[in-house]
Protein chains: 2
Amino acid sequence: MPPANAQRQSDRQSEILLAAQHCFARMGFHQTSMQQICAEAGMSPGNLYRYFPSKEAIIAGIAERDRAEVAEQFASADLSLGFFNVIEGLAQHHFVERSDEEVGICFEITAESRRNPEIARIHQAFDADVRARLLAMMRQAAERGEIVRDVDFEAVTTMLMVIADGIWSRRAADPTFDPKLLIPTLMDVTRHLLPAPRKGESQDKEGSR
Amino acid sequence: MPPANAQRQSDRQSEILLAAQHCFARMGFHQTSMQQICAEAGMSPGNLYRYFPSKEAIIAGIAERDRAEVAEQFASADLSLGFFNVIEGLAQHHFVERSDEEVGICFEITAESRRNPEIARIHQAFDADVRARLLAMMRQAAERGEIVRDVDFEAVTTMLMVIADGIWSRRAADPTFDPKLLIPTLMDVTRHLLPAPRKGESQDKEGSR
DNA sequence: TAAGAGAGAATGAACGTTCGCTCTCGGCTC
DNA sequence: GAGCCGAGAGCGAACGTTCATTCTCTCTTA
């Protein structure tokens, strides 16, 4: 197995995934035909099937690739900038800067995960990963004294993830929605849910009602 | 045109919508075949097409019916119970008590609205309606002195609707999610975004950062 | 020249929709 | 009341299309 060939194989696969993403984001998985993906990728069906065994495998490939991407970005977050700055940076990046196409494809993956067990597996693994990283970030911030300790971090994490889902969903379905305008409110809510400890106190305040 | 026939026609249509809803919530619009809807409705294709001219018309019928239902429930909310009680009641009803199937079908409608202009029209009209009602409720509550006046009600409404989207989306795609546990956090956030005026003051406080 | 890369017509299943038929009944004629 | 009629309700096979996938053939290149 020559490495040059493996590289070429992988490049072609990436090209196909990109072409498929364009189509899927526009029309959804089940309204995109293989012919359309072939046209977008500039490739015949016969050849495309040399790189992916089925349409489902392409969908799974996209889901897996996105999952890896987001996990990587999350992992590279630098907590020394301060917890709230990191959160705001992540929000800015994932809610505002991501293209409509990226948002669309994520939405489609979520929809598909409702009925395709393979996609559901990938989607839920991704979700659990994000949740764990968020929770860990909060606990570290509490250790550093940035936020109070006695908050129900699980509940706050759930709320933040729900808001993230909501922003995603609304970006996908509401053309009038501008996520930029929501960031201040989001940060206000986050700071309310995760209050800073009062100075010079050993913490004992209630965090959520 | 005898009214008995019109009634019968309308009943059959409702039956078909119900059967279709079961199928769609399970498999999504484009993975449900007309044959499956026929089987669920206990009816032949030929007969079903006497009540709906196309598959798309069934989808639109479901969207329209749900929109009417929710609008009605919203309209019957009794503000004299107090703003936060009404909000909590609506949250309880729409986020906790609604069945998985209802949640699933709403999610599918949202997904379909991304590519089907007719569904998009219905979905966006529904959305604008809910938003307007929520906004009106807040303004009334401010008039009554339940919450401060000088808050960016538009921004708060957007945030509440985003959270609603998120809860919906998560219920649809995350089997481990329990919306009941999130209601306290939701109400905490709502009360934070819409603070009560301080007693005996004519209000002049900043509402969102 | 052999093997991988690519093309595109062919295949067979599945789909949304249509069509021609039967059955059921309420009203009409005798 | 018996027999007939027409229209609406319902059936299910059939149609034409589209789709994912496969097959066979041709290029390219090392």
Nearest non-hydrogen partners of [X] and [Y], listed with the distance:
{"X": "B:Arg133", "Y": "B:Ala75", "value": "NH1-CB, 3.5 Å"}
{"X": "A:Leu79", "Y": "A:Gln140", "value": "CD1-OE1, 3.0 Å"}
{"X": "A:Ala173", "Y": "B:His123", "value": "CB-CE1, 4.2 Å"}

Check your understanding: Taking the nucleotide of DNA chain D with the closest heavy atom to each, which residue, A:Gln36 or A:Pro45, is nearer the 5' end?
Key -> A:Gln36
Point to revise | Contact nearer the 5' end of DNA chain D, comparing A:His30 with A:Gly46 | key: A:His30
Point to revise | Cation-aromatic face contact B:Arg139/B:Phe153, 6.0 Å, 45 degrees | key: no
Whole-Å distance separating the [atom1] atom of [X] from the [atom2] atom of [N]:
{"X": "A:Met43", "N": "C:dA5", "atom1": "CE", "atom2": "C1'", "result": "10 Å"}
{"X": "A:Lys55", "N": "D:dC19", "atom1": "NZ", "atom2": "P", "result": "9 Å"}
{"X": "B:Met34", "N": "D:dG10", "atom1": "CE", "atom2": "C1'", "result": "16 Å"}
{"X": "A:Asp11", "N": "C:dG4", "atom1": "CG", "atom2": "P", "result": "19 Å"}
{"X": "B:Arg12", "N": "D:dG8", "atom1": "CZ", "atom2": "C1'", "result": "12 Å"}
{"X": "B:Gln9", "N": "D:dG8", "atom1": "CD", "atom2": "P", "result": "11 Å"}
{"X": "B:Leu48", "N": "C:dG16", "atom1": "CG", "atom2": "C1'", "result": "11 Å"}

Exercise for review: Look at the side-chain N and O atoms of A:Tyr51 and state whether any lies under 4.0 Å from the OP1 or OP2 oxygen of C:dA5.
Suggested key: no
Review point. Mapping B:Pro53 and B:Gln31 onto DNA chain C by nearest heavy atom, which one lands closer to the 5' end?
Key: B:Gln31
Report the nucleotide, chosen from [options], that has the shortest atom-to-atom distance to any side-chain atom of [X].
{"X": "A:Ser44", "options": "D:dA9, C:dA7, C:dT17", "answer": "C:dA7"}
{"X": "B:Tyr49", "options": "C:dG8, C:dG16, D:dC11", "answer": "C:dG16"}
{"X": "B:Gln35", "options": "C:dA5, C:dT17, D:dG12", "answer": "C:dT17"}

Exercise for review: For B:Arg50, answer base if it contacts any base atom (sugar-phosphate contacts may also be present), sugar-phosphate if it contacts only those atoms, and nothing otherwise; contact means non-hydrogen atoms under 4.0 Å.
Suggested key: base
For residues 99-107 of chain A, which side-chain donor-acceptor pairs fall under 3.5 Å, sequence neighbours excluded?
| from | atom 1 | to | atom 2 | distance (Å) |
| --- | --- | --- | --- | --- |
| A:Ser99 | OG | A:Glu101 | N | 3.4 |
| A:Ser99 | OG | A:Glu102 | N | 3.1 |
| A:Ser99 | OG | A:Glu102 | OE1 | 3.4 |
| A:Asp100 | OD1 | A:Arg171 | NH2 | 2.6 |
| A:Glu101 | OE2 | A:Gln21 | NE2 | 3.0 |
| A:Glu102 | OE1 | A:Ser99 | N | 3.0 |

